[in-house]
Amino acid sequence: MSLETEVQQLKEERNALLLAHNYQRPEVQDVADYVGDSLYLSRKAVDAEAPVICFAGVRFMAETAKILNPGKTVLLPDLAAGCGLADSITAEQLRTWKAEHPGAVVVAYINTSADVKAEADYCCTSSNAAKIVSSIPADREILFLPDIFLGEHIRKVTGRTMHLWMGDCPVHAKLRPEDLARARADHPGAEVVAHPECGCSTAALPHVDRILSTDGMVRFAEETRAPEVLVATEVGILHRMRRLNPTTKFLPLSEGAICPYMKQIDLTDVRDSLAQNQFQIEVPPAIAVRARLALERMIAA
Ligand code: 13P
Ligand code: SF4
C-alpha cells in the first residue's frame with residue numbers, strides 16, 4: 001500500500017483533519033484536507049469538527065490551532081518543526097519591551113510562541129496585519145513584533161508610526177534587493193510577487209509588483225496572464241501556483257529559499273503521527289486563555 005493511501009485510510013479511521021501550510025512538501029500538500037496560509041489554516045482549525053487536527057506546518061501553527069480549538073487533539077508530526085522567526089523573541093524580552101513603553105498596544109505576528117502571544121493585545125498574519133494596525137486608534141503607541149521587514153511594510157502601507165522588533169525570518173531575510181534587481185533584469189517581462197517577510201520587500205519596492213501573503217500569491221497565480229512570474233518566498237509555494245496555472249512560468253527568486261523547519265515533516269511523519277497519535281501539542285491553560293484573546297481578534301479581522 002502506498003504511503004498516500006495509508007495516510008488517507010488513517011485520516012478516516014481516526015476521523016482526523018489534515019491541515020498543510022503552502023510551504024509543505026508537495027506530497028504532504030497533496031494528501032491534506034486543506035492547504036493554505038496561516039490565517040486560512042487558523043480559521044479551518046476554529047471550524048474543525050473532527051476530534052483530531054493533524055497540522056503539517058510548524059509548531060506555532062499547531063499551538064494556535066490548540067488555543068483556538070482546545071477540545072481537539074492537535075498533532076504536530078515532528079516536534080523539530082519550529083520557526084527561526086518565532087525564536088527571535090521570548091516572553092521575557094517582550095515584557096521588558098512593554099515596560100519601556102507603558103500603555104502601548106502590542107501587535108504580535110502569528111509567528112510567535114504561545115507565551116509571547118499571551119503578552120500581546122492582537123495577533124495578526126501577513127494577510128491581515130495592515131487591517132489590524134489600521135484599526136488601532138491613531139493616538140495609541142504600537143509595538144509590532146517580531147519581523148522587522150513585515151513591520152516596515154505595514155508601517156509604509158498604513159502610514160502608522162510603530163516601534164519594531166528587530167527579528168527576521170532566516171529564509172526570507174536572505175532574499176535581498178540586489179537579488180531582485182538582478183532577477184528582474186534577467187527576466188524583463190516577468191511580474192514579481194514577494195512575501196512581506198523578505199529582506200527585499202520594502203527596499204526593493206520598485207522591483208516588486210505585489211507584496212502578498214502565501215494565499216495572496218496563490219490567488220494571484222490563478223488570475224495572472226503574465227508569461228513569467230518571479231516568486232520571492234519559500235519554494236514550497238510553487239507547487240500550488242504551477243498546478244493552478246500551467247500556462248505561466250513560475251520561477252523562484254532563489255532556489256535556495258527552503259525553510260528547513262517547514263521541510264521537517266514528510267509523508268512518513270504524517271502517517272506515524274496519525275497512527276501513533278503523536279506529537280500532541282498542549283498549551284498551559286494560563287497561557288492559552290490570554291493568547292486566545294489576541295488570536296480571536298486576529299480571526300475576526
Ligand atoms: P503566510 O501566513 O503568508 O502563509 O506566512 C507564514 C510564514 O511562515 C511565512 O514565512
Ligand atoms: Fe518561520 Fe521563516 Fe520558516 Fe516561515 S519560512 S516558518 S517565518 S523560519
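Read the numbers this way: they start at 1 and go in the same order the structure lists the ligands and their atoms.
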Trainee: Hey, is atom 2 (Fe) of ligand 2 within less than 2.8 Å of some N/O/S atom on Cys169?
Mentor: yes

Trainee: With Arg297 as the cation and Tyr122 as the aromatic partner, state whether NZ or CZ is under 6.0 Å from the six-membered ring centre and within 45° of the axis.
Mentor: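 Arg297 over Tyr122 ring: yes.
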
Trainee: Between Glu197 and ligand 1, is there a nitrogen or oxygen pair with a distance under 3.5 Å?
Mentor: yes

Trainee: Could you tell me the residue and atom name of the protein heavy atom closest to atom 8 (S) of ligand 2, and the distance to it rounded to 0.1 Å?
Mentor: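 For atom 8 (S) of ligand 2, the nearest protein heavy atom is Gly84 N, 3.5 Å.
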
Trainee: If you take the nearest heavy atom of each of Ala129, Gly36, Ser38, which one is closest to atom 6 (C) of ligand 1?
Mentor: Ser38

Trainee: Would you call Cys169 a ligand 1 contact, heavy-atom distance under 4.0 Å?
Mentor: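 It does not, in that no heavy atom of Cys169 comes within the 4.0 Å cut-off of ligand 1.
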
Trainee: Provide the closest heavy-atom pair for Lys98 versus Glu119 in the form atom of the first, atom of the second, distance.
Mentor: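 For Lys98 versus Glu119, the nearest heavy atoms are NZ-O, 2.8 Å.
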
Trainee: For ligand 2, note which part of Cys259 has a heavy atom under 4.0 Å away: side chain, backbone, both or neither.
Mentor: side chain

Trainee: Students should be able to answer this: which protein heavy-atom is nearest to atom 1 (Fe) of ligand 2, and at what distance?
Mentor: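 Of every protein heavy atom, Cys83 SG, 2.4 Å lies nearest to atom 1 (Fe) of ligand 2.
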
Trainee: So which of Leu85, Ile110, Asn111, Thr233 gets nearest to atom 4 (Fe) of ligand 2, if we judge by its closest heavy atom?
Mentor: Asn111

Trainee: Does Glu234 come within less than 4.0 Å of ligand 2, judged by its heavy atoms?
Mentor: no

Trainee: How far is atom 8 (O) of ligand 1 from the closest protein heavy atom, and which atom is that?
Mentor: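 Going by distance alone, atom 8 (O) of ligand 1 is nearest to Asn111 ND2, 3.2 Å.
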
Trainee: Got more than 12 heavy atoms from elsewhere within 6.0 Å of CD, Glu49?
Mentor: no

Trainee: Taking the basic N atoms (NZ, or NE/NH1/NH2) and the acidic carboxylate oxygens, is any pair closer than 4.0 Å for Asp47 and Lys44?
Mentor: no

